[in-house]
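Please read the structure below before turning to the comments.
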Amino acid sequence: QVQLVESGGELVQSGGSLRLSCAASGRAFSSYAMGWFRQAPGNEREFVAAINWSGGATYYADSAKGRFTISRDNAKNTVYLQMNSLKPEDTAIYYCAAGGVPTSRPSGYVYWGQGTQVTVSS
């Protein structure tokens with residue numbers, strides 16, 4: 001089993017940057033694909049980015065392309081989401097997830113973190 005804890009969310013001004021971290025516990029971390037999702041109040045959970053087990057393949061939602069970068073450091077059992085050029089519409093709770101393949105579907109992930117709040121002010 002994998003336990004995930006997100007951190008790094010905070011209030012930031014429009015145009016600013018944040019780096020979210022997801023720290024994992026569990027011996028099998030390096031075998032999992034990892035994903036980032038977000039959910040704003042009243043909205044469905046939305047795919048943001050995903051990365052395969054080795055970090056050699058990454059995938060992004062259209063809303064994230066060119067602004068966000070997902071990466072992982074298996075030696076540190078950590079996955080990151082670097083977010084640049086933030087917009088108010090990026091405001092949401094951001095969740096880290098672990099699964100078998102880097103899918104955009106929330107149902108493809110088995111383990112989820114508790115989420116970290118990102119708020120972008122205009």
Side-chain angles (χ1 to χ4, degrees):
Q1 184 168 246
V2 176
Q3 293 179 306
L4 307 172
V5 180
E6 302 94 335
S7 63
E10 61 183 58
L11 174 65
V12 64
Q13 291 186 337
S14 180
S17 298
L18 285 174
R19 188 177 76 160
L20 306 184
S21 297
C22 175
S25 62
R27 61 189 303 172
F29 171 76
S30 62
S31 69
Y32 287 96
M34 303 294 295
W36 284 99
F37 293 78
R38 66 188 185 187
Q39 188 166 21
N43 290 359
E44 295 182 353
R45 191 161 296 187
E46 176 187 22
F47 171 73
V48 177
I51 189 166
N52 77 334
W53 68 271
S54 69
T58 57
Y59 309 87
Y60 297 94
D62 287 342
S63 61
K65 290 179 181 177
R67 299 190 299 130
F68 295 1
T69 302
I70 187 171
S71 62
R72 69 190 297 163
D73 187 339
N74 288 343
K76 297 181 179 179
N77 287 355
T78 303
V79 62
Y80 305 95
L81 184 68
Q82 177 67 46
M83 304 187 294
N84 302 134
S85 302
L86 284 163
K87 307 172 183 179
E89 50 262 48
D90 295 318
T91 296
I93 300 174
Y94 283 70
Y95 297 91
C96 176
V101 294
T103 178
S104 63
R105 292 179 171 269
S107 61
Y109 296 87
V110 178
Y111 304 107
W112 293 83
Q114 84 291 345
T116 185
Q117 177 70 50
V118 172
T119 303
V120 184
S121 62
S122 58

Taking all non-hydrogen atoms of both residues into account, name the closest pair between [X] and [Y] and its distance.
X	Y	value
N52	R72	O-NH1, 2.7 Å
D90	V120	CB-CG2, 4.3 Å
V48	A64	O-CB, 3.7 Å
S85	R67	O-NH1, 3.0 Å
E46	S63	OE2-OG, 4.0 Å
A50	Y109	CB-OH, 3.6 Å

Among the clusters formed by ILVMFWY side chains lying less than 4.5 Å apart, do [X] and [Y] turn up in the same one?
X	Y	answer
Y111	V5	no
V118	F68	yes
I93	W112	yes
I70	L18	yes

Within-4.5 Å side-chain heavy-atom neighbours: V79 and C22: yes
pair Q117-T91: side-chain heavy atoms closer than 4.5 Å: yes
Derivation of the side chain to side chain contact (heavy atoms under 4.5 Å, CB included) call for W36 and M83: CA-CA 12 Å; W36 284 99; M83 304 187 294; over 6 Å; no
First locate atom [atom1] of [X], then atom [atom2] of [Y], and finally report the distance between them rounded to the nearest 0.5 Å.
X	Y	atom1	atom2	value
M34	L81	CE	CG	11.5 Å
I51	Y59	CD1	OH	10.0 Å
E10	L20	CD	CG	9.5 Å
L86	T119	CG	OG1	11.0 Å
K87	S122	NZ	OG	14.0 Å

K65 bridged to D62 by N-O distance under 4.0 Å: yes
Whether Q39 side chain and A92 backbone form a donor-acceptor pair below 3.5 Å: no
Heavy-atom donor-acceptor pair, Q82 side chain to T69 backbone, under 3.5 Å: no
With F37, the ring pair (Phe, Tyr, Trp, His ring centres under 6.0 Å) member among F47, Y94, Y95: F47
Q3 atom CD, over 12 foreign heavy atoms within 6.0 Å: no
Side chain to side chain contact (heavy atoms under 4.5 Å, CB included) between Y32 and V110, intermediate numbers included: CA-CA 10 Å; Y32 287 96; V110 178; 5.7 Å; no
